Amino acid sequence: MKAGVKEKPKTTLYKRLSLDKYVKHKYLTLMFIPVIIYYAVFAYAPMYGIIIAFKDYSFAKGIWGSDWVGMDNFVRIFEGRSFFQVFWNTIIISFYKLITGFPAPIFFAILLNELRCTWFKKSVQTISYLPYFLSWVVLGGIFIQILSPSSGPISYIFKMLGKQPIYFLGDVKWFRSVLVVTSLWKGVGWGSIIYLAAIAGIDTQLYEAATMDGAGKLKQIIYVTLPSLVPVITIMFIFAMGGIINDDFDQIFNLYNEAVYSVGDVISTYNYRIGLISNEYGYSTAVGLFKTVISFVLIILTNYIAKRYNEYGIW
Amino acid sequence: MKKTKQLIMGLLLASIAAPLVSGCGSQQTQTKMQSLDKYVYDSSKVYDITWTSWLGSPVDEDAEMIKYWNEKLGVNIEIWNIDPGNYTEALGLKIAGGNVPDELWTPDVTTYYKYAKDGILAEISEDILKQCAPNLYEYYMSEEPMAFKYWSVNGKQYGIPAISSVGRTPMVYRGDWMKNVGVDKVPETLEEFEDLMYKFAKEDPDGNGVDDTYGLSNSGLDAVYGAYGLVKGYWLDRDGTLVYADIQPEMKEALALLNKWYQDGVLDVEFVMDEKQGSGSNMSKPFVTGRIGFTASGEDWHYKPILENSTEANDWEGDNVKEMRKLDPEGADSITFGLPVIGPYGKRGMKTGNKVGTESNTVAFGAQLNNEPDKLAKILNVIDTIGFSSLENYLTAENGIEGKHWEFNDKNQIVYLDSKYEQYTERAKIGAHTVMTPLKSLAWNTGTESYDNWIANGPRSKEYGIANALKTVLPSETRYRTELDKLASETFIAIITGDKPIDEFDKFVEDWKKMGGETLEKEANEWYASVK
Amino acid sequence: MFKRRTVGDVTFETVSVIFMIFFCITTLYPFLYLVGLSLSSADASTIGYSILPQGFSLENYAKVLENSDIGVGFKNAIIKTIIGSAVNVVGAIIAAYPLSKKYFPHRSMWTGLIVFTMFFSGGLVPSYLLVKRLGLLESMWALILPGAISTYNMIIMRNFFMSLPESLEEAAKIDGANDFVVLIKVVIPTSMAIIATITLWSLVGHWNSWFDALIYITNPDKQLLQIVMRRIVLEGTVQMLNPNAADYTSKPVNSENIKAATIMITTLPIIAVYPFLQKYFVKGVMIGSLKG
């Protein structure tokens, strides 16, 4: 800073842009130039496409030439009788998924980490992430069979216990739970990988010290492992909050039916059905933009809150 | 040869005569004449044509059959390999990128309308078709003379709808169950049908001593609606006016009946889900596994046995029969077909498709051809020659070259010389199957007497079909349809399962009208008047 | 070294082992179901949820592998996955490292600009036009470059770098190493756990992606395995829009068993990657290298 003051008259702009710092850290700068180019070309250059949301897109006229329609596309989103319902379903299902599906991989990773038998640990890791690789088309078919009240194994257990089997997929009281549980089950193993990586980074000396102090497994987890994971948990949580407006189309589409529309119809499935009748680029871009704005606001808020309570954030 | 000469002469004459004729005759006929004269191709020229179609598999670079047609027809066809999954999106992007194929296949009407309205399609007319694709034109006139009119956008013609073969949804019963409950006659009336369904549900038709059967499931709803002359989601002509089936008072009665069946355990408790699962093969799982005794899922040929004397040497069994045979061969052999049952008002019917309707595929042409009428003429000629002019061309287009890829056996059946060509995906790779026949005459396809015989004596699925009387997408449909469909589905299920009282139906009708239904009714009838 | 385990520890461990075993049974089940289906002979019923194959035959696998598209797709998918993942990992590192340095000028601005792109994007049409203008259509690079840097991965990587003790680098810098050398010699070796994670994410992401290939690649010689698989598995469903589906002369090619075999063939290779990366998730790797 002091050096800057001395040379003030000649190099104001140079200084103001901190170009001297870019020169000083020339290796970092060199490294970063391709990154800037990448984002300029592949992220910012195509961004003008957002204006499609305010246009009636015409193939012949192109993005720039298409007619402006103002907020018409957005009005269409909000005027639908189901808008509030599908919006609420999306948020509430995502929220349930977040409060269960977010902590679960953390605990799973910690549990895994505590296993002492290496081959068992490795096998569990690999087996637990298998469902992540199967598409909902396949899993949907399997769940429909398993959850069938007349022929599924779960109904069999119910009958053995002398209870009336439940039609999980056709009952508005149960449908969301099915979504939450199956999504949790599918994602927990895969989701734990990042936490396993973070746990691998924890200084073993901390554990040794804790053991010296007579801390048992549970105490070690509470006082060593969890605090060390705070940075990565924070980041993952901020991202997860941003994702609350996104729903899992493949999952819901393969499991839902007309009987559970009232609790299971979400933004993506609803728009899919709209898309069957019309394919309007303007409308679908508007839906995307609407969701983006919500995501963005949520992320900024969460990031802000996170930064107030600990120093970690995504920027 | 002779024809081509004529055309060239026509072209020459036209170019000389055009300035001369002006002034005589009515203005209209004259421009019409003049514009038609442009649509003649130059037989000495090799036209480069870009082409899209539904592809079972991407077509190889130097596909044999493409070469064959190129040489035979004097063209140079370039196939665009657009994957059939997400086809519309992928094609849309190519078009957004500024390339419109010369020949363009599109699977849904709304996409066709969008393209037409955006001005990326070349204008055609019935007269042009009559001139450039006479066989096609003749075929359409005999099958569905209104086809072109249904496909007009703002009074102009931009595409040709593909004509589909239509069959009514089958009424399928388990014959062995019928025997077990002592019914030997396939139900003719709704009352008989109800009686049989109750017996299927209550009298242990599978004889296992456990109460684990139902009469019918989701597809069975259609059979009941049909007995009232209704098909859910269809528009029907009532005394010259289009009305929407879902809001008819008879629908209320049908729902009340279904509600009773549901309460009585005749309608499968899992009906909302269980006939829809699977990979879309139209297999009715509850029927195949013996939980229900009646189904109307899929098409007649999903229940088809192996037929002797079919077109191909290796005939195959329909999905439902095939799967059922694995579990219960006797049940599979006992499959019995019925006709739509007669309801209290003497009506009977089941859903059937339209030869040309909102589900039809379309073939259209890139707008660049507006400036190259001769090329458009050539493309129409290609379509006409391959799909409509002769059985020989059709068989070559679909199966490959006779003697090289396939031959007839002594029963006049097609036998593929390399068994891999039995798979349509392998045929697509060499440019056969549907690659060159996005439009084709179904007359060639039904050279399958045994199949027709089976239809006529078994499912009889050409009889008592109820088709959608609306054959276009209404202007406001994109705005209201999704909400209205959702409202109807939710209400119907709630009434059937008893979540809501039957009188909820009256409120539904009111809501339906308020939520845009009235607009649709108005538009539907305006359209109907315009095509009469 | 360690104290004797307490009763609490033993209970804790037993409970977690039992839970893990139960959980693994449920996650293994759908997989075994598909394996069973893929090994069943063609005349066995495809309905039910038994994991035992009915009859045993490899004929389904033989049939799938007979399809020449599978081989082509495999080759292309492997090449694309390896190159693409390498690009992703390098991209994440070169973006994350400068941004992890407090002294890097305009750090928050750059981060903000980059994070912004995670949410706001121009959509499909301009992206397609861009790829087309860059002349990348029909090229493997169309599947790699547009997603070369994943912002999500980059942020996670950056935070990991930020959590490294500064003393590490300072020591190296005193020895005269520049930022680049520090990155290669010190930072990367200590960050193998996170690099392994991001490598795994990239490999899986590239292996499973299909939509970009569907719109950018039409040459059958360049098609990817996922596209071939989709064609087989989705045959007969509404997604494939087959106009001939309403036509009994179009005999379906793929039975449920063949579909299951196809899913197995396309999924197993990528699942097999994980055990190789697993060693980087073993506790203490980083500390070991830190000390060394």
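Residue numbers start from 1 in every chain, and the chains themselves are labelled A, B, ... in the order their sequence lines are given, proteins ahead of strands. The model shown is predicted, which means the values in this text are computed figures rather than measured ones.
When the shell of 6.0 Å around OH of C:Tyr103 is examined, it contains more than 12 heavy atoms from other residues, nucleotides or ligands. Heavy-atom contacts from other residues, nucleotides or ligands closer than 6.0 Å to OH of A:Tyr48 number more than 12. Atom NZ of C:Lys173 has more than 12 neighbouring heavy atoms from other residues, nucleotides or ligands inside a 6.0 Å radius. Other residues, nucleotides and ligands place more than 12 heavy atoms under 6.0 Å from the CZ atom of A:Phe290. Within 6.0 Å of atom CZ in C:Phe116, more than 12 heavy atoms from other residues, nucleotides or ligands are found, so the atom counts as buried in its surroundings.
Atom CE of A:Met31 and atom CZ of C:Phe104 lie 9.0 Å apart (nearest 0.5 Å). Atoms CZ and CE, from A:Phe239 and C:Met118 in turn, are 4.0 Å apart once rounded to the nearest 0.5 Å. We find the OG1-CG distance between A:Thr234 and C:Asn159 to be 8.5 Å, quoted to the nearest 0.5 Å. The CG atom of C:Leu113 lies 11.0 Å from the OH atom of A:Tyr39; values are rounded to the nearest 0.5 Å. Rounding to the nearest 0.5 Å places CD1 of A:Ile146 at 4.5 Å from OH of C:Tyr29. To the nearest 0.5 Å, atoms CZ (C:Phe119) and NZ (A:Lys291) are separated by 13.0 Å.
Checking side-chain atoms of C:Thr27 against main-chain N and O of A:Ile127 turns up a donor-acceptor pair under 3.5 Å. C:Thr197 contributes no side-chain N or O that, together with a main-chain N or O of A:Ile194, makes up a donor-acceptor pair within less than 3.5 Å. When atom types are taken as modelled, the side chain of A:Tyr129 and the backbone of C:Ile271 share a donor-acceptor pair closer than 3.5 angstrom. C:Tyr274 contributes no side-chain N or O that, together with a main-chain N or O of A:Gln125, makes up a donor-acceptor pair within less than 3.5 Å.
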For this session: May I have the step-by-step check of side-chain contact (heavy atoms from CB on, under 4.5 Å) for C:Lys101 and A:His25, ending in yes or no?
Result: CA-CA 10 Å; C:Lys101 295 294 156 224; A:His25 304 289; over 6 Å; no
Problem set entry | Pair C:Val233-A:Val137, side-chain contact (heavy atoms from CB on, under 4.5 Å): steps then yes or no | CA-CA 10 Å; C:Val233 173; A:Val137 184; 5.7 Å; no
For this session: Tell me, with the steps shown, if C:Leu183 and A:Tyr27 meet side-chain contact (heavy atoms from CB on, under 4.5 Å).
Result: CA-CA 10 Å; C:Leu183 173 64; A:Tyr27 290 99; over 6 Å; no
Exercise. Would C:Ile21 and A:Phe120 satisfy side-chain contact (heavy atoms from CB on, under 4.5 Å), going step by step from the backbone distance to the final call?
Worked result: CA-CA 9 Å; C:Ile21 291 174; A:Phe120 182 67; 3.7 Å; yes
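A:Lys122 and C:Gln278 get closest at one heavy-atom pair: O-NE2, 3.1 Å. Annotation for C:Ala193 and A:Ala200: closest pair CB-CB, 4.2 Å, computed over non-hydrogen atoms. Taking all atoms of both residues into account, the shortest heavy-atom contact from A:Trp185 to C:Pro30 is CH2-CG, 3.6 Å. Between A:Ser128 and C:Phe23, the shortest heavy-atom distance links the atoms CB-CE2, 3.7 Å. Summarising the geometry of A:Gly49 relative to C:Pro126, their closest heavy-atom pair is CA-CG, 3.6 Å, with the distance given to 0.1 Å. A:Phe42 and C:Leu130 make their closest contact through CD2-CD2, 3.7 Å (heavy atoms, listed as atom of the first residue, atom of the second, distance).
Heavy-atom distances place both the backbone and the side chain of A:Leu112 under 4.5 Å from chain C. In this structure, chain A has no heavy atom under 4.5 Å from any part of C:Val181. In this structure, the portions of A:Ile193 lying under 4.5 Å from any heavy atom of chain C include both its backbone and its side chain. Looking at C:Ser163, neither its backbone nor its side chain comes within 4.5 Å of chain A, counting heavy atoms on both sides. Heavy atoms of A:Val41 lying under 4.5 Å from chain C belong to its backbone as well as its side chain. With a 4.5 Å cut-off on non-hydrogen atoms, A:Leu196 touches chain C through its backbone and its side chain both. Neither the backbone nor the side chain of C:Trp207 comes within contact range of chain A, judged by heavy atoms closer than 4.5 Å. Both the backbone and the side chain of A:Pro153 come within contact range of chain C, each with at least one heavy atom under 4.5 Å from a heavy atom of that chain. For C:Phe19, the part sitting under 4.5 Å from any heavy atom of chain A is the side chain, from C-beta outward, and nothing else. Contact annotation for C:Met162: neither backbone nor side-chain heavy atoms come within less than 4.5 Å of a heavy atom of chain A. Contacts between A:Leu30 and chain C at a heavy-atom distance below 4.5 Å are absent for every atom of the residue. Proximity to chain A (any heavy atom under 4.5 Å) is shown, for C:Tyr152, by both the backbone and the side chain. For C:Arg158, the part sitting under 4.5 Å from any heavy atom of chain A is the side chain, from C-beta outward, and nothing else. Of the two parts of C:Ile155, only the side chain, counted from C-beta on, holds a non-hydrogen atom closer than 4.5 Å to a non-hydrogen atom of chain A. In this structure, the portion of A:Tyr281 lying under 4.5 Å from any heavy atom of chain C is its side chain and not its backbone. In this structure, the portions of A:Leu130 lying under 4.5 Å from any heavy atom of chain C include both its backbone and its side chain. The parts of A:Val124 that come within reach of chain C are both its backbone and its side chain, each placing non-hydrogen atoms under 4.5 angstrom from that chain. Looking at A:Leu111, both its backbone and its side chain come within 4.5 Å of chain C, counting heavy atoms on both sides. Proximity to chain A is absent for every atom of C:Leu124, based on heavy atoms less than 4.5 angstrom apart. Contacts of A:Thr285 with chain C are absent, with no heavy-atom separation under 4.5 Å from either backbone or side chain. For chain C, the nearby parts of A:Ile50 are the backbone and the side chain; heavy atoms of each come within less than 4.5 Å. Only the backbone of A:Ser151 comes within contact range of chain C, with heavy atoms under 4.5 Å apart. Looking at C:Phe120, the atoms closer than 4.5 Å to chain A (heavy atoms on both sides) sit in the backbone and in the side chain alike. With a 4.5 angstrom heavy-atom cutoff, A:Ile221 touches chain C only via side-chain atoms.
Taking the side chain to side chain contact (heavy atoms under 4.5 Å, CB included) definition, one finds that A:Lys55 meets it with A:Ile51, A:Ser66, A:Trp68, sequence neighbours left out.
The candidate from C:Tyr97, C:Phe31, C:Phe180 with the greatest count of non-hydrogen atom pairs under 4.5 Å with chain A is C:Phe31. Contacts with chain C were tallied for A:Phe133, A:Tyr38, A:Phe296; A:Tyr38 has the most, counting heavy-atom pairs under 4.5 Å. Between chain A and the residues C:Ile114, C:Leu28, C:Val115, the largest count of heavy-atom pairs under 4.5 Å involves C:Ile114. With respect to chain A, the highest number of heavy-atom pairs below 4.5 Å among C:Ile94, C:Val17, C:Thr117 belongs to C:Ile94. Each of C:Gly91, C:Ala196, C:Ala95, C:Pro146 has some count of heavy-atom pairs under 4.5 Å with chain A, and the biggest count is that of C:Pro146.
Between C:Leu99 and A:Phe32, the closest side-chain pair of non-hydrogen atoms falls below 4.5 Å.
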